[in-house]
Amino acid sequence: MSKSYGNLGVLFDVSLSIPIGQAVGIVGPNGAGKTTFLSVINGTEPTSAGSVFFNGTDVTKQGAEERSRSGIGRTFQIPRPFSNLSVFENALAGAAFGGGLRGREAQTAALDALEKSEMMQFANLRAGGLSLLARKRLELARALSTQPKLLLLDEIAGGLTEAECISLIATIKNLKDSGITIVWIEHVVQALVAVVDRLVCLASGTIIQDGIPDEVLKSREVLSVYMGTGI
Amino acid sequence: MSSNIQILRSPKKAAYGSAGALLLFVALAIAPKILDQSITNEWVKLFYLVTLASMWNLLAGYAGMISVGQQAFIGLGAYGVFVFNDHGFSAYESGIIASIVVGVVAVPISFLAFRLRGGYFAIGTWVIAETLRLIIIRFPSLGSGKGRNIQNYTRDPILRNTYTYWMALGVAIFALSACFILLRSRFGLALQSIRDNEVAANSLGIKVDFTKRVVYVIGAMGCAAAGSVICIQSIGVASPNAIFGVSYSAFMIFMVLIGGIGTIEGPVMGALLYFFVDKYFSQSGLWYLVILGVIAIIATLFFPKGIWGEINARWNLSLFPVSYQVKIENNQNDSIHLSKKEK
């Protein structure tokens, strides 16, 4: 698919096919179009050209809310909490709408999502009062509460301490083992490599490498966009 | 997990709150039969103020739609009374029919208004209100801009006043209960999510536009009902400029912000406060506005969350709770820290 804002092209003929259950990491320099790529997959932004298929269905024309209901969950790089609601209510919104659950079932799903993202101790706090780290975890909790089949993570490990990062990696590994397909944008490459089966490098709106993580990281193209040429 | 987790929605508080409200409702309903009518007639204004404030709060405080154009629906509700009254309905029936019709009219208007966001939405709603006023005054049958009277009304003043009082009370109670029931439902959760972040709400499966539209229509109907009460109380509309006047929006904003936005109780407090200020100072000319201004300044400085917001923050008191509480009962009895060590 392609994506542009007016005359400004962001993604150019990006084509990616992800098998169910795979965990894909996306790396690339700032401005490569990584976040836009996620937005186009989850429907926050419409595509300019091309199409998005999910589970064999063409979802290109569907809005984000429909795609969420059919199983695409997404976290935002800059957290977007429902500030005046409690952490639990944030997750409950995801379970009740994206998850399509009602009453007790929705509440259980919300609690489950809080448990998985280690947010249970904050359940009754106002989301607006949380620290940045907790907000990032809340993003994860909310996405999980929608019972996603495909989880799109946008720089969820950025800014974490090493210990926090290790526990996050464990959490995401568990999610992958439970059968959720994952697309994860991250600058913290060690975190990424610990989980993903496949690594894609985006630069200037095109895919420049796609393959096994170690090989992608060693490739000349990837090194040159990250480190500059002449190495 | 070795802990037992419960979700509480303060059912007791909600039950006490509702029971108290019901008692108050009964007391208010029989008041015109007991108290002197000169007293209860004044309360009609209080009731429609409560209705207006609650509706504005529903829009702004729970759905994040700052409108300064709700007078559009107040005006349409008032003028709707004439239309249906002329076709043989009683004034009270006309008010109810007009409110429903205004709800229908609000649907296409919402498509227009929702093209705008934030401050543009606010101004847009105002423009819509002005446009509707200009359309209404084109009709000679509606007084051509000079206002007009209701033709068929209850002639006996005591009966008329009692009926008007009951209608105003009924509308206010209906508006308040609608807010409470809506906000306790999953719809309320969707609304508050949208208010706090539309993009996130959308990507969590919430139908943003549909949900906002429903609230907009409810807000329109509530304001129309209040408008019809205003019209019925004075057996007509003195001037379309007044009933379509932006000052209604100013008072709604005043009541909601002073009372406490985003709470069910706040707008009622704000309406009470405004009602008394209006009652005692509205004849004092400029000083009336000065006093309103001073109250607004004091409230913004010392109670930025409004009167009820302050009460709620200080004593955690809520008569009509809509939130959820998670209660974690840990087996080892250290109630809060269950996270990492337990696993």
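Heavy-atom basis, side chains included; hydrogens, waters and symmetry copies ignored. Protein chains get the first letters and strands the later ones, always in sequence-line order, with residue 1 at the start of each. Note that the structure is predicted; figures quoted are calculated from it, not measured.
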Residue from B/Ser323, B/Ala190, B/Ala200, B/Ala201 scoring the most non-hydrogen pairs under 4.5 Å with chain A is B/Ala200
* To do: Before accepting this row, confirm whether a basic side-chain N of the pair A/Asp177/A/Lys173 lies closer than 4.0 Å to the acidic partner's carboxylate O.
  => no
Looking at A/Ile78, I want to see if its CD1 is surrounded by more than 12 non-hydrogen atoms of other residues, nucleotides or ligands under 6.0 Å. no
**Report entry** Atom CZ of B/Phe187 with >12 non-hydrogen neighbours under 6.0 angstrom
**Finding:** yes
* Residue pair A/Glu45, A/Tyr5: steps toward the side-chain contact (heavy atoms from CB on, under 4.5 Å) verdict -> CA-CA 10 Å; A/Glu45 300 279 351; A/Tyr5 298 93; 3.4 Å; yes
Comparing A/Thr44, A/Asn42, A/Leu85 against chain B, the one with the most heavy-atom pairs below 4.5 Å turns out to be A/Leu85
Looking only at B/Ile194, B/Val208, B/Val326, most heavy-atom pairs under 4.5 Å shared with chain A are made by B/Val326
Okay, A/Arg104 and chain B: the region with an atom under 4.5 Å from a heavy atom over there is side chain
Under 4.5 Å to a heavy atom of chain B? For A/Glu89 that would be both
Of the listed B/Gly262, B/Ser203, B/Ser193, the one with the largest count of heavy-atom pairs under 4.5 Å with chain A is B/Ser193
If the threshold is 4.0 Å, N to carboxylate O, is there a salt bridge linking B/Glu310 and B/Arg314? yes
If one checks every heavy atom of A/Asn84 against chain B at 4.5 Å, the contacting part turns out to be both
If one checks every heavy atom of A/Pro81 against chain B at 4.5 Å, the contacting part turns out to be backbone
Okay, A/Leu114 and chain B: the region with an atom under 4.5 Å from a heavy atom over there is neither
**Prompt:** What do you reckon, is CG of B/Leu301 surrounded by more than 12 foreign heavy atoms closer than 6.0 Å?
**Reply:** yes
Practice prompt. Answer yes or no: is there an ion pair linking B/Arg117 with B/Glu198, defined by an N-O contact shorter than 4.0 Å?
Written response: yes
